[in-house]
Number of protein chains: 2
Amino acid sequence: MTDTRWLDETEMAAWRAFLATSHLLERRIEEQLKASAGLTHPQYEILVRLSAQPGHRMRMTELARGVVASKSALTYQITQLEKAGLVERTTCPSDDRGVLAVLTGAGMRCLEQVAPGHVEVVRAYLIDRLTRDELEVMTTAMRRTEQALRG
Amino acid sequence: MTDTRWLDETEMAAWRAFLATSHLLERRIEEQLKASAGLTHPQYEILVRLSAQPGHRMRMTELARGVVASKSALTYQITQLEKAGLVERTTCPSDDRGVLAVLTGAGMRCLEQVAPGHVEVVRAYLIDRLTRDELEVMTTAMRRTEQALRG
DNA sequence: CTTTGGTCGTTCAGATTTGAACCATCACTG
DNA sequence: CAGTGATGGTTCAAATCTGAACGACCAAAG
């Protein structure tokens with residue numbers, strides 16, 4: 001057991017700020033989505049991902065990876081969205097085990113209605129607070145860490 | 001209703017990477033803490049905050065603000081930590097409504113034992129992946145957004 | 001001293017998440 | 001074709017979080 005490399009002042013400040021910001025932002029987003037459409041953030045992300053796919057459909061596992069949710073959490077949320085009529089389940093033609101989540105017309109309309117307000121929050125509290133340089137630094141840095149965290 | 005200012009490519013990339021990274025990192029941290037000491041991340045954060053205070057004690061509301069948790073979530077977690085013997089509740093001498101959460105000796109020892117492994121994860125997946133410049137940019141940027149999100 | 005409005009922390013019901021267990025199916029091997 | 005190990009998605013119980021409602025207390029004003 002080697003000695004611990006503790007975080008120095010700059011590192012600690014970065015980590016604390018990152019942590020606080022991500023939690024606070026999550027709260028704001030959740031609040032805004034709930035108020036404007038009764039959606040949770042995970043649900044919103046699911047709709048976004050589906051809408052970006054050809055055929056507006058995606059395999060459950062792939063979708064779970066995309067939105068960073070556990071398989072059971074996704075099962076639950078898809079069931080909720082299905083009850084709300086925003087998503088449907090289809091059996092996958094190429095793999096009988098598989099399930100495709102498909103965005104419905106109502107789901108697409110819901111998304112189009114909610115997205116502007118959501119983007120506004122993301123802008124107001126994060127994107128518009130950063131300079132272009134900061135934005136680019138953050139993108140490359142976050143992509144690197146995301147890469148490290150996957151796999 | 002003015003036209004929506006959608007996120008351009010750079011902005012979207014920044015936001016997606018930030019979101020994915022924060023969720024993935026949260027998962028890793030949770031996993032590591034659970035395995036090494038049966039703690040959740042919120043619980044760990046509570047111990048850290050308390051340990052940094054004179055007298056190892058803090059008011060519930062202030063603590064909730066610090067770790068970015070709702071009042072009821074904090075009540076729940078402090079109860080859990082109390083059952084585990086890591087924290088105690090004391091009535092606040094200056095305000096009979098108030099409750100002070102106090103870190104116990106066992107709590108402090110637990111923290112000292114768990115912290116190295118936790119820091120290692122934060123380093124391995126975030127801090128050590130960033131250059132010094134990136135770190136500093138992120139700190140100022142995140143602090144600015146944190147500021148905006150509080151209040 | 002009482003009233004008033006606000007803060008403090010808890011409680012409660014309901015919603016969501018987690019992780020393990022499970023069954024069905026796949027892909028490959030012999 | 002049977003056997004094997006891995007994968008896909010669901011289910012379940014337990015843990016946790018949310019938001020509203022609540023009772024207790026504070027602080028300032030009358």
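Just so we're on the same page: letters track the sequence lines, and every chain starts at 1.
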>> Walk along nucleotides 22-29 of chain D from 5' to 3' and tag each nucleotide B, S or - by protein heavy-atom contact under 4.0 Å, base first, then sugar-phosphate.
In response: --BBS---

>> Run the side chain to side chain donor-acceptor pair (under 3.5 Å) test on B:Glu26 and A:His23 for me, step by step, so that the C-alpha distance in whole Å, both residues' side-chain angles and the decisive distance to 0.1 Å come before the verdict.
In response: CA-CA 10 Å; B:Glu26 198 66 53; A:His23 287 167; 3.2 Å; yes

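- Under the rule for a salt bridge (Lys or Arg N to Asp or Glu O under 4.0 Å), the partners of A:Glu82 that lie at least two apart in sequence or sit in another chain are A:Arg89.
- Rounded to an integer number of Å, the gap from CD1 of B:Ile78 to P of D:dT16 is 13 Å.
- With sequence neighbours excluded, no residue satisfies salt bridge (Lys or Arg N to Asp or Glu O under 4.0 Å) with B:Arg57.
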Mind listing the side-chain donor-acceptor pairs of residues 68-78 of chain A below 3.5 Å, one per line with the distance, residues two or more places apart or on another chain?
unit_1	atom_1	unit_2	atom_2	d
A:Ser70	OG	A:Ala73	N	3.1
A:Thr75	OG1	A:Lys71	O	3.2
A:Gln77	OE1	A:Gln43	NE2	2.7

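- By the salt bridge (Lys or Arg N to Asp or Glu O under 4.0 Å) test, A:Glu134 is found to be paired with B:Arg144, residues two or more places apart in sequence or in another chain being considered.
- No option in B:Leu50, B:Leu103, B:Leu47 other than B:Leu103 meets the side-chain contact (heavy atoms from CB on, under 4.5 Å) test with B:Met108.
- Close to D:dC17, at under 4.0 Å from its OP1 or OP2, lies a side-chain N or O of B:Gln77.
- Side-chain N or O atoms of B:Thr145 include none that pairs as donor or acceptor with a backbone N or O of A:Leu126 at under 3.5 Å.
- Chain A approaches DNA chain C over the interval C:dA15 to C:dC26, counting the first and last nucleotide 5' to 3' with an atom under 4.0 Å from its heavy atoms.
- Nucleotide D:dG19 holds its C1' atom 18 Å from the CD atom of A:Gln32, rounded to whole Å.
- Between the C1' atom of D:dA14 and the OH atom of A:Tyr76 lies a distance of 15 Å, rounded to the nearest Å.
- Evaluation of the salt bridge (charged side-chain N to carboxylate O under 4.0 Å, His left out) test over residues 39-53 of chain B, restricted to residues two or more places apart or in two chains, returns A:Arg16-B:Glu45.
- As a whole-Å value, the separation of A:Leu100 CG from D:dT10 P is 11 Å.
- Summarising the geometry, the separation between CD on B:Glu26 and P on D:dT16 is reported as 14 Å, rounded to the nearest angstrom.
- We find that B:Glu146 and B:Arg150 are joined by a salt bridge, their nearest charged nitrogen and carboxylate oxygen being less than 4.0 Å apart.
- Under the rule for a salt bridge (Lys or Arg N to Asp or Glu O under 4.0 Å), the partners of A:Arg97 that lie at least two apart in sequence or sit in another chain are A:Asp95.
- Contact check, B:Ser72 against D:dT18: no side-chain N or O comes under 4.0 Å of OP1 or OP2.
- Residues from residues 57-65 of chain B lying near DNA chain C, meaning a heavy-atom separation below 4.0 Å, are B:Arg59, B:Met60, B:Thr61 in numerical order.
- In the hydrophobic clustering, B:Val137 connects to A:Val137, either directly or through intervening members, whenever side-chain heavy atoms lie under 4.5 Å apart.
- Taking a 4.0 Å limit (strictly below) on heavy-atom distances, residues 34-50 of chain B reaches DNA chain D at B:Thr40, B:Pro42.
- Here side-chain hydrogen bond (donor to acceptor under 3.5 Å, both in side chains) pairs that include residues 104-127 of chain A, with residues two or more places apart or in two chains, are A:Arg28-A:Tyr125, A:Arg123-A:Asp128, A:Arg123-B:Glu11.
- Side-chain heavy atoms closer than 4.5 Å link hydrophobic residues (I, L, V, M, F, W, Y) into clusters, and following such links, even through other members, never connects B:Met60 to B:Leu100.
- Phosphate contact (OP1/OP2 of D:dA15, side-chain N/O of B:Gln80, threshold under 4.0 Å): absent.
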